[in-house]
S.K.: 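Okay, handing you the structure first.
In what follows, every heavy atom counts, from backbone to side chain, and hydrogens, waters and symmetry copies are set aside. Residue indices begin at 1 and follow the sequence shown.
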Amino acid sequence: MMSDTLSLLDERARDYPRMTAALDYLSEHWSEQPDLDAVARAAGLSPYHFQRVFKRWTGTSPKRMVSALTHATARRMLVEGASVLEASLETGLSGPSRLHDIFIAEEAVTPGEAKSGGRNCVFDVGVAASPFGSAIVLVAPKGLSGLAFADEGEEDEAINDLTSRFPGAAIRRDDVLAQDWVSRIFDARPGEAALPVALYGTPWRRQVWRALLAIPPARAVSYRAIAEQVCTARASRAVGAAVGANPISWLIPCHRVLSSDGRLTGYHWGLNRKRAMLAYEAAMD
């Protein structure tokens, strides 16, 4: 039994540099849309063995990871004004039909719908008092889509930050609705039903956000620890980007993530607010 355990540990130790080599290769060559054989060669393994080991280490397939990287870049280009054809060719695809398939797989919308930025949707946005300054609440028809914070006089900037993520949507101002949501968020009693959330995000981001939800209140973990949980420590930078893209502060507790040396870093709404949130939770613990 002991020999079997040691053999498994030895195998995983040998796999580690192979997987880091594969991840490095993908980060540099994803836009070439490499096939399984190409990535396996970079790892020094047969395609069959590599596919199995890669999935064990990352929770996904090499093809799926290339798709996620392609989708993230193409989506950014579309929002910035590129055409579907331009985004397709820039990300190494043969044409719009392949990009269409990737968008359907990643977020169940077409590239055109993603480019529209919420066209034909109506969002309510408002400002309300909270324990951490002004709270900016963005509500979609199906639930909460954004929660941000701002200091006095900076509310309009925070509103623009949230609503700019849906440039095609109709935005209505409703501070009364916002106050109702803030009361439900901060006055909720243990055991109350969860608030309805209309959370937009790619599968990769949702995987990271689920990991954030697992962090207990008044506790903190590192970006590296989250990366190791959802994938591998080599993905710390990608995890940091996903944490930074979290649209629903506090409820999805990105404030509980610290740098590896324990410093407060990388909070979109200010490090003083992040420090206050951790102290608030500690007092309530």
Side-chain angles (χ1 to χ4, degrees), residues 117-118 121-201 205-206 208-221 240 242-258 263-285:
C121 293
V122 178
F123 290 82
D124 290 296
V125 68
V127 179
S130 84
F132 308 114
S134 297
I136 291 79
V137 176
L138 183 67
V139 183
K142 294 183 179 179
L144 184 69
S145 284
L147 176 61
F149 297 96
D151 295 328
E152 186 176 358
E154 298 178 353
E155 292 88 352
D156 287 345
E157 182 179 350
I159 288 174
N160 290 336
D161 183 273
L162 280 185
T163 57
S164 66
R165 306 181 190 201
F166 305 94
I171 305 296
R172 301 182 302 202
R173 182 70 181 259
D174 191 335
D175 291 343
V176 174
L177 178 66
Q179 188 61 67
D180 177 65
W181 273 91
V182 168
S183 298
R184 294 162 68 191
I185 290 167
F186 290 102
D187 296 341
R189 295 183 297 274
E192 285 187 341
L195 296 171
V197 171
L199 184 62
Y200 170 82
R205 288 181 176 181
R206 290 198 299 268
V208 172
W209 297 339
R210 281 195 296 269
L212 298 181
L213 290 170
I215 306 172
R219 304 293 186 271
V221 303
V243 171
N246 168 33
I248 303 181
S249 302
W250 183 254
L251 291 180
I252 299 178
C254 51
H255 61 280
R256 297 176 191 161
V257 186
L258 310 178
R263 290 181 295 115
L264 297 180
T265 58
Y267 192 61
H268 191 66
W269 308 111
L271 295 185
N272 288 339
R273 187 166 280 108
K274 183 172 185 175
R275 186 179 294 109
M277 287 178 169
L278 292 170
Y280 184 93
E281 289 184 325
M284 298 291 289
D285 193 19

S.K.: Are the side chain of N160 and the backbone of D156 linked by a donor-acceptor contact shorter than 3.5 Å?
M.R.: yes
S.K.: Without hydrogens or angle criteria, can the side chains of H268 and D161 be said to hold a donor-acceptor pair below 3.5 Å?
M.R.: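 A pair is found: one side chain offers a donor N or O, the other an acceptor, under 3.5 Å apart.
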S.K.: Let me confirm one number: the CD1-OG1 distance from I159 to T163, rounded to the nearest 0.5 Å.
M.R.: 7.5 Å
S.K.: Checking side chain to side chain contact (heavy atoms under 4.5 Å, CB included) between L147 and each of I136, I185, V139, L138, which is the one that passes?
M.R.: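 Output: one option passes, namely I185.
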S.K.: When you check the gap from the basic side-chain N to the acidic O, do E281 and R219 get nearer than 4.0 Å?
M.R.: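 Salt bridge between E281 and R219, a charged N being under 4.0 Å from a carboxylate O: no.
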S.K.: D180: which residues meet the salt bridge (charged side-chain N to carboxylate O under 4.0 Å, His left out) condition with it, sequence neighbours left out?
M.R.: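 If we apply the salt bridge (charged side-chain N to carboxylate O under 4.0 Å, His left out) test to D180, skipping adjacent residues, the hits are R184.
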S.K.: Quick check: do R172 and V125 have side-chain heavy atoms less than 4.5 Å from each other?
M.R.: no
S.K.: What pairs meet the salt bridge (Lys or Arg N to Asp or Glu O under 4.0 Å) rule with one or both residues in residues 146-155, with sequence neighbours excluded?
M.R.: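 Listed by first then second residue: D151-R273.
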S.K.: Listed by chain and number, what are the side chain to side chain contact (heavy atoms under 4.5 Å, CB included) partners of D175, not counting sequence neighbours?
M.R.: V127, R173
S.K.: With sequence neighbours excluded, what pairs up with S130 under the side chain to side chain contact (heavy atoms under 4.5 Å, CB included) test?
M.R.: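 Partners of S130 by the side chain to side chain contact (heavy atoms under 4.5 Å, CB included) criterion, ordered by chain and then number, come out as F132, A135, F149, V182, F186.
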S.K.: Checking A220 now: which residues fulfil side chain to side chain contact (heavy atoms under 4.5 Å, CB included) with it, not counting sequence neighbours?
M.R.: L258
S.K.: Just jot down the side-chain hydrogen bond (donor to acceptor under 3.5 Å, both in side chains) partners of D174, sequence neighbours excluded, or say none.
M.R.: none
S.K.: Decide yes or no for L213 and L251: does some side-chain heavy atom of the first lie under 4.5 Å from some side-chain heavy atom of the second?
M.R.: no
